[in-house]
Amino acid sequence: MFLKSDSTLWVCGKNERGQLCDGTTTDHNTPVKAMSNVLDMALGLHHSLILRTDGILWACGSNPLGQLGDGTTTSRTTPVQVMSGVQDISAGYMHSLILKTDGTLWACGDNEYGQLGFEDFFDHETPVQVMSGVKSMAAGARFSLILKTDGTLLACGENENGQLGDGTATERHTPVQVMSGVQSIAAGSFHSLILKTDSTLWACGHNWQGKLGDGTDTDRHTPVLVMSGVQSMATGTHHSLILKTDGTLLACGNNEYGQLGDGTT
């Protein structure tokens with residue numbers, strides 16, 4: 001999905017579940033216009049969340065576990081309206097996280113591992129409020145990171161590789177506190193990157209082919225310090241991108257398809 005400067009949303013790629021939101025299930029090899037007046041978007045495994053400039057959230061694509069949040073388990077090829085008053089969104093494999101303008105966090109979809117932050121173990125087809133006082137969030141494959149306005153990081157969901165960063169491999173069905181003094185977060189499929197207010201980067205979780213950037217391929221169940229002087233970061237499934245405060249871009253992890261951009265595989 002591409003958001004243009006005129007707020008139009010364009011899409012391309014695989015579309016078998018209607019995740020491109022263009023009213024079809026036809027794959028597109030070149031971008032086609034899907035919607036206007038778009039502010040932001042988030043992509044799950046086979047579903048898409050679209051936040052419009054008026055604060056209304058729309059969703060399309062696969063919906064067997066209620067990840068679209070429209071109260072059904074019906075897949076949608078055209079966007080359906082979910083809720084209003086939204087400021088931020090994040091999509092996991094089959095769950096969705098929604099931050100409203102009042103700082104309340106809402107969640108819907110798959111909850112098998114507790115990734116919605118509820119202890120009920122049930123999937124939710126309509127967004128349910130998780131907590132208040134939230135600044136931002138990031139959805140991994142089957143886990144969630146939640147950053148509170150006071151800089152406290154919470155996490156819940158699948159934790160087999162230590163991606164929650166709580167020092168265990170225990171699945172968490174309600175959010176547990178990880179660390180304080182956090183500025184921003186990024187969630188890969190099975191690993192987490194944490195940027196603290198002092199510009200230090202920390203990482204935890206699955207470390208296959210070194211995607212945590214700590215010089216090893218050892219899974220980390222507690223966040224480890226990677227480096228200082230970091231401005232922002234982004235995670236793929238098995239790789240990480242790190243932007244330093246001096247504008248230098250670094251990358252680590254799996255590079256089978258050249259995703260690190262260093263001229264090699």
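The residues of the chain are indexed from 1 along the displayed sequence.
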Distance from [X] atom [atom1] to [Y] atom [atom2], nearest 0.5 Å?
X: Met137; Y: Ser96; atom1: CE; atom2: OG; answer: 9.5 Å
X: Ile185; Y: Ser192; atom1: CD1; atom2: OG; answer: 8.5 Å
X: Thr235; Y: Leu212; atom1: OG1; atom2: CG; answer: 11.0 Å
X: Leu45; Y: Arg17; atom1: CG; atom2: CZ; answer: 7.5 Å
X: Met179; Y: Thr222; atom1: CE; atom2: OG1; answer: 9.5 Å
X: Gln115; Y: Arg172; atom1: CD; atom2: CZ; answer: 15.0 Å

_Taking the ring of His173 and the ring of Phe118, is the distance between their centroids below 6.0 Å?_
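Not close enough - the centres of the two rings lie 6.0 Å or further apart.
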Scan side-chain atoms only and decide if [X] and [Y] contain a donor-acceptor pair under the 3.5 Å cut-off.
X: Asn63; Y: Asp70; value: yes
X: Asp88; Y: Ser136; value: no
X: Glu171; Y: Asn159; value: no
X: Ser144; Y: His95; value: yes
X: Asn255; Y: His239; value: no
X: His46; Y: Ser75; value: no
X: Asn161; Y: Asp219; value: yes

Test side-chain contact (heavy atoms from CB on, under 4.5 Å) applied to Gln163 and Glu158, His191, Arg220, the passing residue
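The single option meeting the side-chain contact (heavy atoms from CB on, under 4.5 Å) with Gln163 is Glu158.
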For Val134, the option from Thr149, Thr104, Leu99 that meets side-chain contact (heavy atoms from CB on, under 4.5 Å):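 By the side-chain contact (heavy atoms from CB on, under 4.5 Å) criterion, Val134 pairs with just one of Thr149, Thr104, Leu99: Leu99.
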Close side-chain approach of [X] and [Y], heavy atoms under 4.5 Å:
X: Ser48; Y: Trp58; result: no
X: Leu153; Y: Leu145; result: yes
X: Gln129; Y: Leu105; result: no
X: Phe122; Y: Asn111; result: no
X: Leu49; Y: Met41; result: no
X: Leu241; Y: Leu250; result: no
X: Leu43; Y: Met1; result: yes
X: Leu20; Y: His28; result: yes

Notebook entry, point to check: Is there a side chain to side chain contact (heavy atoms under 4.5 Å, CB included) between Thr200 and Leu225 once you walk through the steps?
Noted result: CA-CA 7 Å; Thr200 57; Leu225 176 62; 3.7 Å; yes
Next on the checklist: side chain to side chain contact (heavy atoms under 4.5 Å, CB included), that's the test. Do Asn207 and Thr216 meet it? Break it down for me.
Outcome noted: CA-CA 8 Å; Asn207 199 18; Thr216 78; 3.2 Å; yes
TODO: Give the C-alpha distance, both sets of side-chain angles, the deciding distance and a yes or no for side chain to side chain contact (heavy atoms under 4.5 Å, CB included) between Leu97 and Ile89.
DONE: CA-CA 6 Å; Leu97 302 179; Ile89 47 179; over 6 Å; no
Quick check on [X]: does its [atom1] atom have over 12 non-hydrogen neighbours (other residues, nucleotides or ligands) under 6.0 Å away?
X: Phe121; atom1: CZ; result: yes
X: Asp246; atom1: CG; result: yes
X: Glu160; atom1: CD; result: no

According to a hydrophobic-cluster definition based on side-chain heavy atoms being under 4.5 Å apart (Ile, Leu, Val, Met, Phe, Trp, Tyr only), do [X] and [Y] belong together?
X: Val82; Y: Leu68; result: no
X: Val11; Y: Met35; result: yes
X: Leu164; Y: Val182; result: yes
X: Val176; Y: Ile194; result: no
X: Ile56; Y: Val80; result: no

task = Could you tell me whether the side chain of Ser90 and the main chain of Ala139 form a donor-acceptor pair under 3.5 Å?
result =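 Indeed, once roles are kept as given, a pair shorter than 3.5 Å links the two residues.
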Any donor-acceptor N/O pair, Lys244 side chain to Ser232 backbone, under 3.5 Å =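 No, because the side chain of Lys244 does not come within donor-acceptor range (under 3.5 Å) of the backbone of Ser232.
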Shortest non-hydrogen contact between Ser189 and Tyr93, atoms and distance:
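Closest approach of Ser189 to Tyr93, heavy atoms only: OG-OH, 3.4 Å.
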- Message: Could you walk me through whether Thr265 and Tyr257 satisfy the side chain to side chain contact (heavy atoms under 4.5 Å, CB included) test, starting with their C-alpha distance in whole Å, then the side-chain angles of each, then the deciding distance to 0.1 Å, before giving a yes or no?
- Response: CA-CA 6 Å; Thr265 52; Tyr257 301 101; over 6 Å; no
Could you tell me whether Asp110 and Arg142 make a salt bridge, using a distance below 4.0 angstrom between a side-chain N and a carboxylate O?
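Answer for the salt bridge query: no.
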